[in-house]
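Numbers restart at 1 for each chain; the letters A, B, ... are given by sequence-line order, proteins then strands.
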4 protein chains.
Amino acid sequence: MRVKDETKQQALFEATVKVVNEIGFASSSVAKIAKEAGISPATIYIYHENKEDLLVSTYIEIKKGMGRALLQGFDTSMPIRDIFMMVWRNGFEHVSKHRADFHFTEQFANSPFIDLVDMEEVNKYFETIYQVIQRGIDEKIIKDVSFEILGVFMFYPMLILSNKRHCSGFALTDENIETAFNMAWDAIKL
Amino acid sequence: MRVKDETKQQALFEATVKVVNEIGFASSSVAKIAKEAGISPATIYIYHENKEDLLVSTYIEIKKGMGRALLQGFDTSMPIRDIFMMVWRNGFEHVSKHRADFHFTEQFANSPFIDLVDMEEVNKYFETIYQVIQRGIDEKIIKDVSFEILGVFMFYPMLILSNKRHCSGFALTDENIETAFNMAWDAIKL
Amino acid sequence: MRVKDETKQQALFEATVKVVNEIGFASSSVAKIAKEAGISPATIYIYHENKEDLLVSTYIEIKKGMGRALLQGFDTSMPIRDIFMMVWRNGFEHVSKHRADFHFTEQFANSPFIDLVDMEEVNKYFETIYQVIQRGIDEKIIKDVSFEILGVFMFYPMLILSNKRHCSGFALTDENIETAFNMAWDAIKL
Amino acid sequence: MRVKDETKQQALFEATVKVVNEIGFASSSVAKIAKEAGISPATIYIYHENKEDLLVSTYIEIKKGMGRALLQGFDTSMPIRDIFMMVWRNGFEHVSKHRADFHFTEQFANSPFIDLVDMEEVNKYFETIYQVIQRGIDEKIIKDVSFEILGVFMFYPMLILSNKRHCSGFALTDENIETAFNMAWDAIKL
DNA sequence: GATGAATGAGTGTTCATTCAT
DNA sequence: CATGAATGAACACTCATTCAT
């Protein structure tokens, strides 16, 4: 795998997301993705070892972007609740701007492909957030339960609410986002 | 004229779930499912119009079972919170007994296959629960927000917490289940 | 093969002709023919040993009808030319009334299926006509060339001219039929 | 990038003709044709969109060769009858050299596949001959009837007489060919 | 006599991947 | 670096036929 043309690599990621979103993993083929990206199927093998690698790389690329987006404007000195609200808003903003990407990750994370991902690598993009949660627990602001349970009420709701497939009726207005945040906060706050 | 073998149909559903869970939609083929079910690939087409129909039927079959399970022991006269707790417990119990089925639906619901399902048909299995929610809203016990938002905090958590992929560290103990219920209830109660 | 229901047998012949004409031998299947005939594929095997036998039987059935039709109103005492003209007219009349049947035989006779037919059996339906030809040769009215060559100019033209595929512009009017007859007669007469 | 192998394309045409002639459209499969051509079934799809396209292309290829062959030695200044005789002889010579090809076209032209052919494209290979016919009509040498009728007596006989299936007893000797020509000429001449 | 269930073998076509250019 | 040609293996699905009922 020799890397050269960065725009081609980018086009490949975008094509992968588009094709998989439109027809699912079951029907997605290297040929179709290549066609969408405007390159030859053979060229994909210059950028990626095989099909699996293409899919996994696409997933990690998107996750990296999400981790970065959530922490936009982050400031340790802010009150815990404000930090969460900011993260919450950042999350909705980022997702609404990258619906397709996020849609892809949902599909990916609920398939056996997820087993191929080195979760350590992904988690490090969210490290800072874990630290905030821990602080909240230590300061007795947040319930003292496992990160996983907290995530179920604080982070998954962002994904589900933003997912047209699951919540077709939830418009991403400031008001709706705040209402939902209050519910999430009620769930996790002590 | 031989008569249609009902056990074959059942074996087919189980094989579909098993194969899809193990290797995902991307690699699941009619031949593999048939082999797992111990029948000829051609026989599948006696029971189902095509592959799509097999997958969709499997999904609906599972959803039907879930809807039935959630309402086990249901009694209108119970207090709203108790009903939800019962549904919550029923949910975890059912899911823990049918992990594979439920795993399949997660994958299915996050793929384009879900678009092939007549949601009306699925929703009717959950009709009674919708009525309880409405009663809770009317009696000012539950927050007056859309069903979708409530579902995100009251029902999706069951799915995510039970999902080893997403919550490997969440053991389905009575204590954990109750802790999580309290968080869900905090989120939706007025 | 036990024969019972004559109308079913007839429906089967008609279905065979219809299906083969519409989609050709390449796509025709026992199942499609059975469906067209309104019976089960399995039932076909009560009336015919196998698919081949069904096709061949259909061909022979049609040929029998043609042989009979050509000789309608036949009378040995008529002048040779008049006999030919009568046969010619009978031919066009019969074909125009049984376009589909005739269409089927064209396709059949130009496929390897024809090799399965016992030509002796078919030829006997046309025996009388061969005798007339021989008389014409003996009486020095018709050119003394082989039956095959004479057939090419006297009988094949009926088939080709009646075939919409080959002669879309040839309307089966009395005038056209007579014009063509004169050409055929010019070809074979001494 | 490997370059398309023209001999492979040719082998494919020949294999198609051979297989279809031997077992008919009903039994001819892409796999059998590929095997006969010595290539992988998948390779066929590099040269042709699908099976249909392979068959149609083969037909057109053969027709093109025929059109060219008929006009060998063609000279406008020759008398009409001599031109026809030359075309007639060219036809028999070409057919006898390419029996298999011509056999294929007979089968093809009597099947629904013929409907897939752009007749305009085929007819242009015979354009010159149509002009000669028209000249013959204008000069009152040939009967003033439609091209189709003339073709039935002037061109179809070549095909039928050369067809072992229809005329097993017609040897392609110069004498036989001339005898038949005279009959054809008698049919169409004024 | 008639049929739907059942299937091994086959259908046309696409797959992920390699390779010569 | 990039590609179209090439393919063995697999794909979803249909085949002709048999068989229990």
Tell me the salt bridge (charged side-chain N to carboxylate O under 4.0 Å, His left out) pairs involving residues 44-58 of chain B, sequence neighbours left out?
none
Expressed as a whole number of angstroms, how long is the span from A:Lys35:NZ to E:dA16:C1'?
17 Å
Side chain to side chain contact (heavy atoms under 4.5 Å, CB included) evaluation trace for D:Glu6 with D:Gln10
CA-CA 6 Å; D:Glu6 199 52 49; D:Gln10 195 53 43; 5.6 Å; no
Does a donor on one side chain and an acceptor on the other come within less than 3.5 Å for A:Gln9 and A:His48?
yes
Using a 4.0 Å cut-off on heavy atoms, which residues in residues 109-117 of chain A reach DNA chain F? List them by number, or say none.
none
Where each residue is assigned the nucleotide of DNA chain F containing its nearest heavy atom, which of B:Glu52 and C:Ser29 is assigned the position nearer the 5′ end?
B:Glu52
From CD1 of A:Ile23 over to C1' of E:dT14, roughly how many Å is that when rounded to an integer?
12 Å
Would you kindly give the CZ-to-C1' distance between D:Phe25 and E:dG12, to the nearest whole Å?
16 Å
Counting N and O atoms only, with roles assigned by atom type, does the side chain of A:Asp101 sit under 3.5 Å from a partner on the main chain of A:Ile62, one being a donor and the other an acceptor?
no
Quick one: B:Leu12 CG to E:dA6 P, roughly how many Å, whole number?
11 Å
Any donor-acceptor N/O pair, A:Asn110 side chain to B:Asn110 backbone, under 3.5 Å:
no
Think A:Lys8 has a side-chain N or O under 4.0 angstrom from the OP1 or OP2 of F:dC1?
no
Whole-Å distance, A:Ile33 CD1 to E:dT17 P, equals 11 Å
In DNA chain F, consecutive runs of at least three Watson-Crick or G-U pairs below 3.5 Å, as range with range, amount to E:2-21 with F:2-21
Rounded to the nearest 0.5 Å, what's the gap from CZ on D:Arg165 to CD on D:Gln107? Could you check?
6.0 Å
Need to verify one output field. Residue with the more 5' nearest nucleotide on DNA chain E, D:Ser27 or A:Ala31?
D:Ser27
Can you tell me how far apart CZ (C:Phe13) and CG (C:Leu55) are? Round to the nearest 0.5 Å.
10.5 Å
Intermediate values then yes/no, side chain to side chain contact (heavy atoms under 4.5 Å, CB included), A:Ile44 and A:Asn50:
CA-CA 8 Å; A:Ile44 287 184; A:Asn50 52 31; over 6 Å; no
Are any of the side-chain heavy atoms of B:Phe102 and B:Asn163 separated by less than 4.5 Å?
yes
Taking 4.0 Å as the cut-off, does a side-chain nitrogen or oxygen of B:Lys32 come that near to OP1 or OP2 on F:dC11?
yes
Got a sec, which residues hit ring-ring contact (aromatic ring centres under 6.0 Å, His included) with A:Phe25, two or more places apart in sequence or on another chain?
A:Phe113
Which pairs count as side-chain hydrogen bond (donor to acceptor under 3.5 Å, both in side chains) when at least one residue sits in residues 26-46 of chain D, sequence neighbours excluded?
D:Lys18-D:Glu36
Could you list by number each residue of residues 36-51 of chain B showing a heavy-atom separation from DNA chain F of less than 4.0 Å, or answer none if no residue does?
B:Ala42, B:Tyr45, B:Asn50, B:Lys51
